[in-house]
Structures are given as C-alpha cells and as structure tokens.
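Structure, as structure tokens:
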Amino acid sequence: MTIYDELVARGLIAQVTDEEEIKELVNKGEATFYIGFDPTADSLHVGHFMALCLMKRLQMAGNKPVVLIGGGTGYIGDPSGRTDMRSMMTPEIIQHNSECFKKQMEKFIEFGENKAIMVNNADWLLDLNYIEVLREVGAHFSVNNMLRAECYKQRMEKGLSFLELNYMIMQAYDFYYLFKNHGCNMQFGGDDQWSNMLAGRELIRRKLGENSYAMTITLLLNSEGNKMGKTASGAVWLDPDKTSPFEFYQYWRNVDDADVLNCLRMLTFLPLEQINEMEKWEGSQLNEAKEILAVELTTLVHGQEEAQKAKQAAYALFKGGTDDANMPSTQIDSSLLTDDAINIMDLIVECGIVPSKSEARRLIKQGGLFVEDAKVESFDFSITKAQLADGVKIRKGKKTYHKAFI
RNA sequence: GGGAGAAUACCCAAGUGGCCAAAGGGGGCAGACUGUAAAUCUGUUGUCAGUGACUUCGGUGGUUCAAAUCCACCUUCUCCCA
C-alpha cells in the first residue's frame, strides 16, 4: 500500500488541492512539506500530536518535513475556529513556548542533515517592513475573498480585528517564503487551516507563477462531534508534568466505544490489517482495543517504560492487582499535620483531588470518597502520620486514584 | 466622527431596588445501572465555617436603611449611519 493510500485508509485526509499530483509527489517521497505550530502554550497537546504523527509517516516515506514554529504569527493570533479573540502574548512567553515545543518535537521527528528541519517564522516576519508588505503581498489579496473564507465568516458576527484579519496574510507569506527559500512545495495543517493554506498557495501562484499544494488533516472528533483531546480541566498535554503518563493513558483507555477504532487508525502506527481485525470486536471486548490504544499512544509519547507503568497502575486499580506503585501521588509536608494527623478534607485539597474544601465536603456527603477502599463517612475523618508513612490510597468516585505519603 | 445597545458564575442565558449566592439549559462532579463504555435516572455545582458568615453580576466612585438592578465616569464589544 502506498503512503497516500494509507493516509486515506486511516481517514487522515480531509481536503486536498490536487489529489493526483499530491498522491504522486508524496508516494515518490518528493514532497517538502511544512506544518505550522503556533506557540500558544508551553506544551504541545493531542491535536499537535496528530500533525506530528502525520509528519513522521510522511518522513518514513521519504518526504522532507519542515516544522514551522509560529514565533512570529504568535504575535497575531489565529482567529480560525475561535469565537473570541485570542489574548495577545508577550514576546517572552512566545519565546519560551517555542522552545518548549522544540524540545518535545525532537522526540518524534528526526531532525538533521537531509532530514527534517525546523524554522521559526519570527526570523522573517518580525523584520518585515509594513509598507513593503502591503505592496508586495497585500496587493495580491482581495478583501472580498478573504471575508468569504469560512474562518472569517464565523467571526463576522462577533467581530474581527484588523490584527486578526492579517493572520491569513502572514501564514500565506510563510508558505511563500518557505517555497522560495526551502523548496517547500506543500503545506499540511488542521482542517480549520484550509483557507489560510489556500491563501498561501494563491500567493505563490501570483508572485512566482508556480504551483504548490495543500492538504488538511481531519480534525480528531469524537462521535459527538467535539474535538478530542480536551478534558474539563483543559487539554491533554504531551508534557508529563502537565498531564502525567498515567492520566494520559487513562484518557485513551476511557474513550467512547464509538471512537476507539477511529483513534487507532488515525493516531497509532499499528498496521491497518490489525486494526481492521478489531472492527469485529463488540461489547466489552472493546476494552481490549482501548487498552491497545492507550498503550500504543502512551508509548509513542512517553516511552515504553512509562506506558507499561501506566498500564500496570491501571491494572492494579481496576483489576484488583497489588501493584499501586505508579498511580499519581503527592508528598505531604509534615508541617501540614497537627498532632501527627491531617483531616481528610485538607488532605485531598492538598493533593489536588478536589479544588476546594467545599467540594471535598460535598464529595464526602455524596459518598464518593474512599480511603484504602473504605468509604469516608465523616467530615472529621483524619489520616495519621503513621498511615501516611506507608502511603495512603485515596479514591474519588470510580476512576480517580491518588496516593498521599509523607 | 454621529447614534443605538451589550457586558451576569466554567459556557449559554434569565433577572430592572429588598423574597438574589442569583431561574433555566449545557458542561462538570458524585450516586444507581454497567464493561474503567454509551444511554438513562437521582443528587450536586461561589468560598469558609454544620442551618450562619463572607466575597461575587465588566471597572471605579456615588445615591439609598438596602443595588446585579438607579446615577456618573471609565474599559471592552456589537449594531446602524458616515
């Protein structure tokens, strides 16, 4: 199976500008493609992960990836798919975030001579001269057309600043710049980037009279049509300090039945035959598929060792095993103890299991808090120093486990 | 530049002087049922202390015994006209 067919079979491709030509380019390994990442946070998340996987797949097929860090576009903020204005980031934060991105990416993509390269559009965008840009680039854009683009349409109601309107132009310029200076003939991105990508393609055509290509990746949605990789407390991060390997594992272990196969296909590197085999699985057997998904992804992101630890921790907690060494834990400072003991509510707030004491109170009242698998019945329940010395297993509801020790 | 309007808790959205910690929905959390799933049903959802206190309705001041609600100014956004 050719790489292009595989991408299609995995459901990764949303839109392409020219299927036949792209197919040939990619299959022959002749594409130099770029994907842009805006440094909006200090860690990559699951959404980025998909793009990285795609890069890896294409790299394995001989194509050359260009990672573009949006150190310059970060100054503007992409309005696509957003209903509110992005808050502006300071240069220091952008710089910091860019560096965090770079570190994380190095784990996935091979950089180096004739391999992937990484560029930062701050290097060329920040020095642009306004008048020059208007003449050289702005002249090629029709505001009428821009406003027709899907990404701006949604914002016509809520309002769109001139700053944000320029995001498209900056991104188009990026593509043009990379085309000219790095021979980059293709751009990939999330499906919400489609209009921006077409704009770049258009710019290249008008300025250089050359053809370039664009392709978007299907957004990872769950069966309800929401973006995946989001939890109530925010995104699922790739940084182990922001989302622990155990939580990461659990996130995937807990996806809806309806979404498992999709995730396996789009996110893992398992052979398609193997995944198709799982399609026959039904009911509780899907739990196995979820486990495979969780192990595969955790391995990719955090390494095999962490993945196994997470799996074992999950087994210990949910299948009655004994190994509880790998669950999330918090060390309690002895200064929090009074008379060598700590109240259970204070303890779980300290561990971050609940955000406030009121919430802790509620939890206990509703019978959702367990210490060493025994339900906590009273607000006065407390844990002694001796117990903490051995490590105390705390459970909130059915799925949240935490260990406190001293 | 002129005119009209909006800002409420995680989100959407009621509320136009005391009965407002603030309806309703979504989301979240917990319970039951399950397969660590979905759907469903129940409870809960500002903070701190056990039936009470404190802080909240864009910001700052003011009127009043009493303000999310009235007034002034500021900020941000939307719409109409130029």
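Worth saying up front: this structure is predicted, and the values here are computed from it rather than measured. Residue numbering restarts at 1 for every chain, and letters A, B, ... go by the order of the sequence lines.
Spacing between B/U44 and B/C12 at atom P, rounded to whole Å, works out to 25 Å. Taking atom C1' in both B/A72 and B/U63, the straight-line distance is 11 Å, to the nearest Å. Between B/A13 and B/G25, the two C1' atoms lie 8 Å apart (nearest whole Å). Between B/A67 and B/C19, the distance separating the two P atoms is 11 Å to the nearest Å. For the C1' atoms, the distance linking B/A68 with B/A6 amounts to 15 Å, nearest Å. Spacing of P atoms, B/U36 relative to B/C41, comes out at 23 Å, to the nearest Å. Straight-line distance between the P atoms of B/U75 and B/G31: roughly 50 Å, to the nearest whole Å.
Nucleotide B/G1 forms a Watson-Crick or G-U wobble pair with B/C81, both donor-acceptor distances falling under 3.5 Å. Nucleotide B/C33 forms no Watson-Crick or G-U wobble pair with any nucleotide shown, as no partner meets the under 3.5 Å limit on both distances. Nucleotide B/A7 is matched to B/U75 when pairs are restricted to Watson-Crick or G-U wobble geometry with both distances under 3.5 angstrom. With a cut-off of 3.5 Å on both pairing distances, B/U16 has no Watson-Crick or G-U wobble partner at all. Nucleotide B/A21: unpaired (no Watson-Crick or G-U wobble partner with both distances less than 3.5 Å). Pair check for B/G52 finds B/C48; Watson-Crick or G-U wobble, both atom distances under 3.5 Å.
Using a 4.0 Å cut-off, some side-chain N or O of A/K399 falls inside it from OP1 or OP2 of B/A37.
A/Q250 comes within 4.0 angstrom of a nucleotide base, judged by non-hydrogen atoms across all strands. Residue contacts for A/N254: at a heavy-atom cut-off of 4.0 Å it reaches a base atom on one of the strands shown. If you check every strand for non-hydrogen atoms under 4.0 Å, A/A258 touches nothing. Counting non-hydrogen atoms under 4.0 angstrom, A/R253 reaches a base of the nucleic acid. Among the heavy atoms of the strands lying under 4.0 Å from A/G367 are primed sugar atoms or P, OP1, OP2 only; no base atom is included. Heavy atoms of A/K290 sit under 4.0 angstrom from at least one base atom. Base engagement by A/K398 is indicated by at least one non-hydrogen atom pair under 4.0 Å involving a base atom.
Here B/A37 presents its C1' atom at 14 Å from CD of A/E291, a figure rounded to the nearest Å. Between the OH atom of A/Y315 and the P atom of B/U36 there is a distance of 11 Å, rounded to whole Å. Between A/Q366 atom CD and B/G28 atom P the separation is 15 Å, expressed in whole Å. Regarding A/E282, its CD atom lies at a distance of 19 Å from the P atom of B/A37, rounded to whole Å. In this structure, A/R395 places its CZ atom 15 Å from C1' of B/C29, rounding to the nearest Å. Regarding A/K357, its NZ atom lies at a distance of 15 Å from the C1' atom of B/C54, rounded to whole Å. For A/R362 and B/A49, the CZ to C1' distance is 14 Å, given to the nearest whole Å. The CD1 atom of A/I364 sits 21 Å away from the P atom of B/G43 (whole-angstrom rounding).
Ring orientation note: the planes of A/H48 and A/H45 are tilted relative to one another, at an angle of 30° to 60°. Relative ring orientation between A/F49 and A/F108 is described as perpendicular, the plane-to-plane angle rising above 60° on a 0-90° scale split at 30° and 60°. Taking the six-membered ring for Trp and thresholds of 30 and 60 degrees, A/Y177 and A/Y173 have ring planes inclined between 30 and 60 degrees apart. Using cut-offs of 30° and 60° for the angle between ring planes, the A/Y401 and A/F318 rings count as perpendicular.
Residue A/S356 has its side chain nearest to B/U47 when only B/U36, B/U47, B/C29 are considered. Listed nucleotides: B/G35, B/U45, B/G31. Nearest to the side chain of A/F370: B/G31. Checking B/G35, B/C48, B/A30 against every side-chain atom of A/S358, the shortest atom distance belongs to B/C48.
Comparing A/R361 and A/L286 by the nucleotide of RNA chain B that holds the closest heavy atom to each, the one mapping nearer the 5' end is A/L286. Checking A/G283 against A/T400, the closest nucleotide of RNA chain B that is more toward the 5' end is the one next to A/T400.
Side-chain contact between A/S212 and A/Q187 is absent, with no heavy-atom pair separated by less than 4.5 Å.
For the pair A/R201 and A/F175, the cation does not sit on the ring face, since its NZ or CZ is not both under 6.0 Å from the ring centre and inside 45° of the axis.
The distance from atom CD1 of A/I109 to atom NZ of A/K102, rounded to the nearest 0.5 Å, is 14.0 Å.
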